[in-house]
Number of protein chains: 2
Amino acid sequence: MAGEEVVLLDFWSSSYAMRVKVALAEKGVEYVCQPQNLVNKSSLLLEMNPVHKKIPVLIHNGKPICESLVILEYIDKAWPELCPLLPKDPYQRSQARFWADFIDKKIYDGAKVLWKAKGEEQEKIKKEYIENLKILEGVLKNEKFFGGDTFGYIDVAFIPITSWFYTLETFGNFSIEANCPKIVAWAKRCKERHSVSNSLPDSDEVYNFALDIKKALGL
Amino acid sequence: MAGEEVVLLDFWSSSYAMRVKVALAEKGVEYVCQPQNLVNKSSLLLEMNPVHKKIPVLIHNGKPICESLVILEYIDKAWPELCPLLPKDPYQRSQARFWADFIDKKIYDGAKVLWKAKGEEQEKIKKEYIENLKILEGVLKNEKFFGGDTFGYIDVAFIPITSWFYTLETFGNFSIEANCPKIVAWAKRCKERHSVSNSLPDSDEVYNFALDIKKALGL
């Protein structure tokens, strides 16, 4: 649509923000990316997301949308022409939402505690994390994408966190590929898409960032 | 629709299950309610929700849908004729989803920790809980419902937890009405609807149930 103003309040290493970038790229939506300082938060960020004060925020013609899965649903509805993310069938839609919620609670939240944990606690978290990845591998089966032949909602929700896999593996001393080869092969297929390769940072950059955070936190 | 089979795997004091009951009642959908034993879980529950092993599960013509907000979205799409829950406008939809997510994370999850906490920890949780209720009061403004003149998605998502307010107030030694009179007045208006009054248990029953749980847990 002409004359539209689309702005993303972003932070480069946030998997949540990457979801939005992948979706906008799939939809062919042009936008202005505004990187945010998450220590000294801008008045724009505080005004646009007064409740959670977090990125990502999508600002469409001046109106803010917050929370990454809410933003994905919005993008799918506001720009329905290209690359439909959610299936049309109500049951299939419900399943896509169920798995995106699972990915949020188990894979994203799990990653946050995994890379900061130590010793026995880390072993326990790691075991659960692998179990949850295996559950997702069971959902993928032998399909190309979680959406079957087409890249869809679950793929967009899941793929960004794979940019943190190297960091998780290094800090956690384990191999995701040895446990979940189909997930790693799926991630490689996703990264052949420009929408994904242009939106996800290098694993090394994420690792160095995480290393700096760990040092700063004294972990 | 004729020949449909709708089953709800339920537990009477679960605010999540109440959401589904309110939505089905608003939509005029007939269903069979199957109360579940949450200590010795039935093979049906484990088969229908193998991932989380939790109620509520809605089984529509043999196919299970899990997670209460996912179920609400499904109900709205599968039975679109009566009482549309989500607004049609993409931006309004996104706002409804944002607040339902806020209610899940802050008001439902907050209630779970509040009624079991003690002393200083409880005071801290209580303060945050009231702040979050005040944020919702700000969203309600002076409207009849969160959906404006019509009862909608945010109302369905929020109203069940009010059946736990008396328990929270008694264990937490505070008054929600004194802090958030508009929320309490809104809850009364909601309870004038049969869909709500028939789906929510009495506050006393919930309190006695919580008291038994507290004793069993040795709190």
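Because only heavy atoms are used, hydrogens play no part in the values below, and waters and symmetry mates are left out as well, while side chains stay in. Protein chains get the first letters and strands the later ones, always in sequence-line order, with residue 1 at the start of each.
- Side chains of H52(A) and K105(B) form no contact here, defined as non-hydrogen atoms less than 4.5 Å apart.
- Around the NZ atom of K41(B), the shell of radius 6.0 Å holds more than 12 heavy atoms that belong to other residues, nucleotides or ligands.
- Sparse packing is recorded around NZ of K127(A), with 12 or fewer heavy atoms of other residues, nucleotides or ligands lying under 6.0 Å away.
- For K124(A), the NZ atom is loosely surrounded, since the number of other residues' heavy atoms within 6.0 Å does not exceed 12.
- Partners of N37(B) by side-chain contact (heavy atoms from CB on, under 4.5 Å), not counting sequence neighbours, listed by chain and number: V39(B), N40(B).
- For P50(B), no part lies near chain A; criterion is any non-hydrogen pair under 4.5 Å.
- Between chain B and the residues I135(A), D101(A), L69(A), V51(A), the most heavy-atom pairs under 4.5 angstrom are made by V51(A).
- At a heavy-atom cut-off of under 4.5 Å, chain B is reached by K88(A), P90(A), Y91(A), R93(A), S94(A), Q95(A), R97(A), F98(A), W99(A) from residues 83-99 of chain A, listed in order of number.
- For F11(A), the ring pair (Phe, Tyr, Trp, His ring centres under 6.0 Å) partners are F209(A), not counting sequence neighbours.
- More than 12 heavy atoms of other residues, nucleotides or ligands shown are found within 6.0 angstrom of NZ on K126(B).
- Partners of E143(B) under the salt bridge (Lys or Arg N to Asp or Glu O under 4.0 Å) rule, at least two apart in sequence or in another chain, do not exist in this structure.
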